[in-house]
Amino acid sequence: MNIDSLITKAGGAAEIAQLTGVTTEAVRKWRQAGMVPTKHWPALLHVPGITLADLNETSEETSAMTHPTDDTPPKGATAVLVLADGSHFWGRGFGAFNEGAVGELCFSTGMTGYQETLTDPSFAGQIITFTFPHIGNVGTNGDDDEAPTMAALGLVVKEDVTAPANWRSTQALQEWLKAHKRAGISGVDTRGITRLLRDKGPQNALLFYPKDGQFDLASLRKKAAEWPGLEGMDLVKEVAQPARSWTKTTWHNTRPERAVKRRVVALDYGAKDNILRSLVAAGCEVHVLPGTATGEEILALKPEGVFLSNGPADPAATAVYAVPAIQAVMEADIPVFGICLGHQLLARALGGTTYKLERGHRGANQPVKDLTTGRVEITSQNHGFAVDEKSLPDTVKVTHVSLFDGSNEGLASTVKEAFSVQYHPEASPGPTDSFYLFERFVAVMDRRAAARTTSKAGA
């Protein structure tokens with residue numbers, strides 16, 4: 001007997017709640033988990049028609065999906081997550097059917113903003129395990145997309161997605177996923193997966209949600225094992241958008257509009273929309289070029305500053321074409337500000353190197369210390385690679401450091417107007433402690449414009 005039948009036989013959610021001494025919300029969670037906690041079994045055994053075998057059946061079904069022991073799909077399983085090491089997790093598929101999305105399995109600790117996370121181009125090539133259990137409960141809407149398409153390959157969640165309960169929702173997560181041709185899997189032990197990734201590092205994995213319900217685990221394991229991984233991979237060309245102008249500001253922006261805006265070229269390596277909104281809010285006239293743009297193409301727009309955006313995959317691969325362009329900008333004495341992948345690319349342009357983190361930083365609760373001011377900021381982050389501080393030349397100073405693992409979170413050139421941070425000052429989702437960095441970038445351009453005016457007046 002499945003959980004829905006069990007609740008129905010007990011007289012419905014309200015009746016079973018009263019019988020067991022819990023709230024109907026607790027019963028809703030039992031329905032999501034697919035089982036009734038064993039401490040409530042004695043009360044249910046007094047209901048005519050419910051036997052111990054019925055209760056055991058729901059318990060065994062859930063256990064089989066979250067703690068697999070063989071290759072046979074347990075009752076109720078419609079999808080599977082297969083890791084390159086051969087382990088697998090059965091679950092219930094939702095969204096669009098697929099024939100196997102292969103990528104790097106990671107986890108994100110954010111408690112809000114799953115739609116922004118899924119559409120962040122930095123997540124290209126990755127399957128996201130959400131540690132927060134209530135994914136989907138606020139639905140989706142057109143305003144919260146950070147890019148036109150969903151970048152992540154899929155998502156892994158503990159609880160089944162419920163009906164949206166938010167006034168801003170225009171579409172349920174399940175339907176939104178179908179529109180983006182992406183799948184999710186629920187009923188999975190996300191805590192166990194997170195521990196595995198914490199202890200063993202990123203894992204190549206495959207999320208399989210077949211329309212015909214047929215599973216060939218040997219073939220799926222082979223496919224997952226053969227995927228090369230993100231190291232050495234350049235995905236910027238897949239996620240960067242064409243050249244465009246950007247005029248939208250941040251939601252509910254209360255900052256006064258500047259009379260004079262600073263002309264900025266934003267290099268799109270996989271830029272989130274809220275980055276571009278934040279630049280506008282800080283007082284910039286934003287012109288976006290794809291991350292493949294050359295130094296000549298960038299300088300042809302006569303920028304007062306150049307912004308280096310976030311993006312996916314290995315900075316060493318993207319650096320092949322990005323570093324010469326960034327160096328050309330610095331040689332032209334144009335101020336540069338970078339975040340995330342842009343931070344890593346600036347480091348490489350200044351003579352440093354990057355490496356792959358053991359676990360990566362993904363979530364909206366990452367503490368970072370500003371070494372200049374001593375201030376601690378809670379930041380939004382999404383990166384699997386980092387800058388090697390030991391590789392930085394003497395002309396580069398470290399400005400920020402992670403309080404989680406001591407890895408680099410910021411740098412600045414001592415000979416050029418160039419600085420960057422590893423985290424996301426635009427948030428979305430996450431705290432806005434670090435918005436001042438956009439204002440700092442504008443202040444640099446203001447100062448240089450004032451110096452040019454003074455120089456002309458003196459002449």
Side-chain angles (χ1 to χ4, degrees), residues 2-4 7 22-40 58-69 73-83 87-95 101 103-118 123 126-140 152-166 172-174 176-177 182-200 202-203 205-209 359 362-365 429:
N2 62 34
I3 186 66
D4 292 324
I7 292 172
V22 301
T23 64
T24 53
E25 173 64 14
V27 175
R28 183 185 70 82
K29 292 180 179 179
W30 295 352
R31 195 189 298 273
Q32 287 181 325
M35 64 181 294
V36 177
T38 54
K39 65 181 179 180
H40 298 299
T58 63
S59 176
E60 288 168 1
E61 178 180 326
T62 300
S63 177
M65 284 200 282
T66 57
H67 301 286
T69 57
K75 183 186 294 186
T78 59
V80 67
L81 180 69
V82 180
L83 275 58
S87 59
H88 61 281
F89 297 81
W90 294 106
R92 294 175 286 274
F94 59 94
E104 181 180 275
L105 182 64
C106 64
F107 67 88
S108 176
T109 59
M111 295 176 66
T112 60
Y114 54 80
Q115 184 180 346
E116 293 95 323
T117 298
L118 292 169
F123 273 113
Q126 295 179 301
I127 300 168
I128 307 171
T129 301
F130 285 102
T131 61
F132 189 66
H134 305 299
I135 301 301
N137 59 345
V138 297
T140 64
L153 295 173
L155 64 156
V156 182
V157 298
K158 179 181 180 183
E159 307 288 357
D160 286 343
V161 177
T162 56
N166 186 280
L173 176 60
Q174 303 95 312
W176 182 85
L177 286 169
R182 293 287 196 269
I185 182 172
S186 66
V188 176
D189 181 6
T190 53
R191 182 172 294 180
I193 290 177
T194 302
R195 283 196 298 264
L196 183 152
L197 297 176
R198 179 197 66 191
D199 296 340
K200 296 185 178 181
Q203 301 289 310
L206 180 146
L207 198 167
F208 186 58
Y209 179 29
R359 298 168 188 84
R362 299 175 182 90
N365 52 357

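Scope of the values below: all heavy atoms of this structure, side chains included, with no hydrogens, waters or symmetry mates.
- The two residues Arg362 and Phe123 have their closest heavy-atom pair at CD-CE2, 3.6 Å.
- Here Phe94 pairs with nothing under the ring-ring contact (aromatic ring centres under 6.0 Å, His included) rule; sequence neighbours left out.
- Nearest approach of Ser186 to Glu159, heavy atoms of both residues: CB-O, 3.6 Å.
- In terms of heavy-atom proximity, Ala364 sits nearest to Pro429 at CB-O, 4.2 Å.
- Atom CG of Asp189 sits about 7.0 Å away from atom CZ of Phe89, to the nearest 0.5 Å.
- Between Leu153 and Leu207, every side-chain heavy-atom pair lies at or beyond the 4.5 Å cut-off.
- Ring geometry for His40 versus Trp30: interplanar angle of 30 to 60°, hence tilted.
- Side-chain polar atoms of Thr162 and Asn137 form no donor-acceptor pair below 3.5 angstrom.
- Of all heavy-atom pairs spanning Gln115 and Gly139, the tightest one is OE1-O, 4.4 Å.
- Using a distance-only test at 3.5 Å, with no hydrogens or angles considered, no donor-acceptor pair links the side chain of Tyr209 to the main chain of Arg92.
- Residue Ile135 holds its CD1 atom at 12.5 Å from NZ of Lys158, rounded to the nearest 0.5 Å.
- Taking the side chain as every heavy atom from C-beta outward, Leu118 and Phe130 approach each other to under 4.5 Å.
- A side-chain hydrogen bond (donor to acceptor under 3.5 Å, both in side chains) with Arg31 is found for one member of Asp160, Asp4, Asn2 and no other, namely Asp4.
- Atom CG of Leu105 sits about 8.0 Å away from atom CG of Leu196, to the nearest 0.5 Å.
- Interatomic distance, CH2 of Trp90 versus CG of Leu81, reported as 11.0 Å (0.5 Å rounding).
- The shortest heavy-atom contact between Ala152 and Ile128 is CB-CD1, 3.6 Å.
- Here NE2 of His134 is found 13.5 Å from OG1 of Thr112. Values are rounded to the nearest 0.5 Å.
- For the atom pair Ile7 CD1 and Ile3 CD1, the distance stands at 4.5 Å (nearest 0.5 Å).
- Of the residues listed (Ile185, Leu177, Ile127, Thr129), the one engaging Leu155 in a side chain to side chain contact (heavy atoms under 4.5 Å, CB included) is Leu177, and it is the only one.
- Put simply, the side chain of Tyr114 reaches to within 4.5 Å of the side chain of Val138, judged on heavy atoms.
- With Thr131 contributing its side chain and Ser108 its backbone, the two residues share a donor-acceptor pair below 3.5 Å.
- Nearest heavy-atom pair, Gly91 versus Val188, reported as atom, atom and distance to 0.1 Å: CA-CG2, 4.4 Å.
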